[in-house]
Structures are given as structure tokens and as C-alpha cells.
Amino acid sequence: MISSSPVSHWKFSTQAPNISDQLSAYHTDGYLSEFANWHHAELSYVIYEGVDVDGWIPLLIKKVNENIFEAFSPYGYSGFVGKLNDKKIEEFKLALFSRNIISCFLRHSPILNNHLGFSPHDLEYNRKTFIVDLTSMQGETFDEVRLHAHQKIRWACGYALKNNVRITFLELIKNDLEDLQQFVNIYELSMISKGASQLYRFNLEHLLRLSEKMKGCVFLALAKDMNNKVIAGAIYITDSTGWSHYHLSACSNVGKEVQVMDLLLMYSHHNLSQMGIRYVHLGGGNEMDGTDGLGRFKKRFSTKASSFYITKYIINTKLYKVERNRLDIVNPSMFLLSDARSTFS
């Protein structure tokens, strides 16, 4: 239980702090507002007000019962901006308590390393993630980039090209709607086969809204076969810091047969490098150490690894226990009540 006696300098606002710093994609209003919409949650900027704005964090706040809420970071890698210390973190939890927020789930950034302001006992290692340095590609042709690639990547690219695969790389919203729907259908089937929560089954309307709100920052790479049918795709989100983020991808069985994903990523990374993007964060695999198939695939492209951490705070232990027992729990391993109850609404 959080003591309510100290004073907190953290304030809740519906407006982003007025700062001049360049922001990661996950801290931009367009990204955050669309994911608040997707989660059916309220977007709040929790801002530390000292002499100036000395730290802030975007949170999505969701009602779990009458006048009781939970708070969480949106999908992706956001977390705190600014310097943290134990006093600020205790005041942050007090601010949550004052808003009847009984639990909080934070996703830290492997790029910003903003987990470093937290005590080790507040951190949970989630997984290894992979980063690609694109600077060596700048000024090179795609054929030159392929020549320097890992042998397995070169072979897979050659195999896909021999099978007449064609890749396009466009701002998502500029793609043909039929092509977009074909990609979303592949993605939906992939999520269903993995038993993924409805929360991660992003639909076409959501992706179009995200692209509209983040104008010029959401790109879709599509792979098509000789019959002009979409067989794979990947979404990248860019930001003003020189980074791009591998948001999601999907591949059909036909795409897997012709090894299309290696070509798709190489072509995408080359295009991003020509746009001035210096790094791509690919995220991690399905296993913590990245030794599963997805992790090994991403590692082939990467030039370095980073670490993704999360933080879970129970702000009001008594009410959290009451709420976990009040309704049926569908996913008992989930920390957030809306996830545990599987109430995606």
C-alpha cells in the first residue's frame, strides 16, 4: 500500500508536455492517441513539475470498476522521459494512488534505456531485442547491400528473386486498399494460429488511423508473387531521432516457401537507409534469450543486442486483490486486470 502523506510533484494532463526534445515514435501524440483508442483507454501524460518539466511518462488509464482504474504503457517501447531517482518514483506511485489507480504496468525502452532510473527490484527482464545499424548502407545500391549481407540472407534473397517475388515499400496509407486487406488477412491468420489475444489482432481500420495520425512515419513493405498476390508484409514506424521500429509483420505459407522475409527486410532496410534512418529496432523473439526461430532470424540482421525490461506496481494491494477476485479470470498469468479478465473493450 502506498502512503498518502508525502506531496507529489507529478501531475496528470491530457496535453503532452511542451518540450523541444526530439521524441521516439512511441512518445508522439499520434502514436499514443491511436493506441488509447485501440485499448479503449484514456491517454494521460503524467508530468513531473519541478523548476521546469523534469520528466514525464505517457500512460493509458482504463477503468476496472466504478472509480477504480489501472494504468499501463501502450504497445511498444515508451516509458519515462527525463531523469529519475527513488524520490521521484515514490512520488509517481503516490500520484497514481491519488487517482484511484490500483496497478501500473510499465514498458521501458531498450533504445532509451530508461529502466536505469529504477531500482533493480522494480525491474523484470522480459527479453533480448535486436538493433540494426543502417549507416553502412547509406549511399549504396540494393545490390551492393546484398553483397555485404550474411551468407544465409544472400541465399534467401536470391531464392525469393528467382521465384519472381516483387517488393514495394510505401507509406502505409498510400497502398492499395485491396493489398492492405490481403496483408491484414495474413496477419490475422498468423495471430490466430499463435493463440494471440484480441488485443494484438490489429485490424485495417486501426492501421489506417495510425498511419493518418503519424503522417509520413508509418511504412509498409509488401511482397507479392508472380500473380500480384500479397504473400508477406512488414510495418515500420520512423521518428525524428533517426530510428525506425519494426512494428509487426506477417508471412503466408507461400511466402515462407520462397524465403521471402529475408528479401523483405533487406529491401526495407535499404529504403530506410536512403531516407536517412540510421538504426532499426527489430524487437525480440518469442523466447527471453532470443534463441527461438524468430529471435535467430532477427539476430541475422542485427549489429547489436539490447535488453527490454518491464515494471509492475501494485499501488493498492487490498483493492487489487478484491478486483482480481470479483470477476472470472481468463488469463491468470496476466498482471493487468483487463488482460487477466480478457475484457478488450
Side-chain angles (χ1 to χ4, degrees), residues 20-28 30-31 76-77 109-113 129-175 179 183 211 214-224 231-249 251 255 258-284 290 295-306:
S20 58
D21 296 350
Q22 291 181 314
L23 298 175
S24 81
Y26 302 115
H27 289 94
T28 59
Y31 184 90
Y77 308 97
S109 168
I111 298 169
L112 301 176
N113 287 318
T129 70
F130 299 99
I131 292 169
V132 189
D133 186 334
L134 303 182
T135 54
S136 63
M137 294 184 184
Q138 293 174 351
E140 290 194 333
T141 66
F142 179 60
D143 286 339
E144 288 171 334
V145 168
R146 279 178 57 204
L147 282 175
H148 302 150
H150 188 286
Q151 182 180 358
K152 287 185 177 179
I153 297 174
R154 290 202 311 273
W155 179 88
C157 287
Y159 189 74
L161 290 169
K162 284 179 183 177
N163 280 275
N164 299 305
V165 171
R166 181 169 60 89
I167 310 290
T168 59
F169 187 87
L170 295 169
E171 190 177 347
L172 184 144
I173 206 165
K174 294 180 180 178
N175 281 270
D179 289 344
F183 167 67
S211 186
M214 300 187 73
K215 255 192 184 8
C217 295
V218 182
F219 294 86
L220 174 63
L222 283 181
K224 293 184 177 182
I231 57 174
I235 294 176
Y236 289 83
I237 298 179
T238 63
D239 61 37
S240 60
T241 68
W243 282 81
S244 182
H245 311 271
Y246 187 68
H247 189 59
L248 59 86
S249 64
C251 184
V258 297
Q259 304 285 321
V260 72
M261 291 304 293
D262 291 76
L263 179 63
L264 191 75
L265 264 68
M266 283 298 293
Y267 189 86
S268 300
H269 296 174
H270 178 254
N271 273 266
L272 289 165
S273 73
Q274 305 313 300
M275 291 164 50
I277 297 298
R278 300 191 305 275
Y279 304 99
V280 174
H281 183 236
L282 291 175
R296 293 195 305 273
F297 172 73
K298 290 181 177 181
K299 185 178 180 180
R300 281 212 303 270
F301 291 87
S302 71
T303 48
K304 66 177 288 189
S306 190

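The chain is numbered in sequence order, starting from 1.
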Next on the checklist: Using side-chain contact (heavy atoms from CB on, under 4.5 Å), reason through Ile231 and Val258 one step at a time and then give a plain yes or no.
Outcome noted: CA-CA 10 Å; Ile231 57 174; Val258 297; 4.1 Å; yes
Next on the checklist: Apply side-chain hydrogen bond (donor to acceptor under 3.5 Å, both in side chains) to residues Asp143 and Thr141 and explain how you reach the verdict.
Outcome noted: CA-CA 5 Å; Asp143 286 339; Thr141 66; 5.4 Å; no
Item to check | From CA spacing to verdict: side-chain contact (heavy atoms from CB on, under 4.5 Å), Leu112, His27 | outcome: CA-CA 11 Å; Leu112 301 176; His27 289 94; 3.7 Å; yes
Next on the checklist: Could you walk me through whether Arg300 and Asp262 satisfy the side-chain contact (heavy atoms from CB on, under 4.5 Å) test, starting with their C-alpha distance in whole Å, then the side-chain angles of each, then the deciding distance to 0.1 Å, before giving a yes or no?
Outcome noted: CA-CA 9 Å; Arg300 281 212 303 270; Asp262 291 76; 2.9 Å; yes
Item to check | CA sep, side-chain torsions, deciding dist, call: Leu265, Leu282, side-chain contact (heavy atoms from CB on, under 4.5 Å) | outcome: CA-CA 10 Å; Leu265 264 68; Leu282 291 175; 4.3 Å; yes
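Using cut-offs of 30° and 60° for the angle between ring planes, the Phe297 and Phe301 rings count as perpendicular.
One distance of note links OG1 of Thr135 with CD1 of Ile277; it measures 12.5 Å at 0.5 Å rounding. Atom OH of Tyr26 and atom OH of Tyr77 lie 6.5 Å apart (nearest 0.5 Å). A distance of 12.0 Å separates CD1 in Ile173 from CG in Leu220, rounded to the nearest 0.5 Å. Here the CG-CZ distance, from Leu172 to Phe183, works out to 8.0 Å after rounding to the nearest 0.5 Å. Note that SG of Cys157 is 5.0 Å distant from CZ of Phe142, once rounded to the nearest 0.5 Å. Separation of atoms CG (Leu23) and OG1 (Thr28) is listed at 7.5 Å; rounding is to 0.5 Å.
Nearest heavy-atom pair, Thr238 versus Ser244, reported as atom, atom and distance to 0.1 Å: CG2-OG, 3.7 Å. Residues Arg154 and Ala149 approach most closely at NH1-O, 2.7 Å, considering heavy atoms. Closest non-hydrogen pair, Lys152 versus His150, comes out as N-ND1, 3.0 Å. Among all heavy-atom pairs drawn from Ala223 and Val260, the shortest one is CB-CG2, 3.4 Å.
Checked by atom type and distance alone, the side chain of Ser273 never pairs as donor or acceptor with a backbone atom of Leu134 at under 3.5 Å. Checked by atom type and distance alone, the side chain of Ser268 never pairs as donor or acceptor with a backbone atom of Ala221 at under 3.5 Å. Lys298 contributes no side-chain N or O that, together with a main-chain N or O of Phe130, makes up a donor-acceptor pair within less than 3.5 Å. Side-chain atoms of Arg166 do not come within 3.5 Å of backbone N or O of Lys224 as any donor-acceptor pair. Looking at Arg146, its side chain never comes within 3.5 Å of a backbone N or O of Tyr267 through a donor-acceptor pair.
Asp239 and His245 form a side-chain donor-acceptor contact under 3.5 Å, judged by distance and modelled atom types alone.
Under the side chain to side chain contact (heavy atoms under 4.5 Å, CB included) rule, Phe169 has a single partner from Met275, Gln274, His269, which is Met275.
At least one side-chain heavy atom of Val145 sits less than 4.5 Å from a side-chain heavy atom of Met266. Annotation: side chain of Met261 is in contact with side chain of Ser249 (closest heavy-atom distance under 4.5 Å). The shortest distance between side-chain heavy atoms of His281 and Thr129 falls below 4.5 Å. Here the side chains of Ser306 and Asn113 are in contact, with some heavy-atom distance below 4.5 Å. Side-chain atoms of Ile167 and Val165, non-hydrogen and from C-beta on, do get closer than 4.5 Å to each other. Looking at Trp243 and Ser24, their side chains never come closer than 4.5 Å, going by heavy atoms from C-beta outward.
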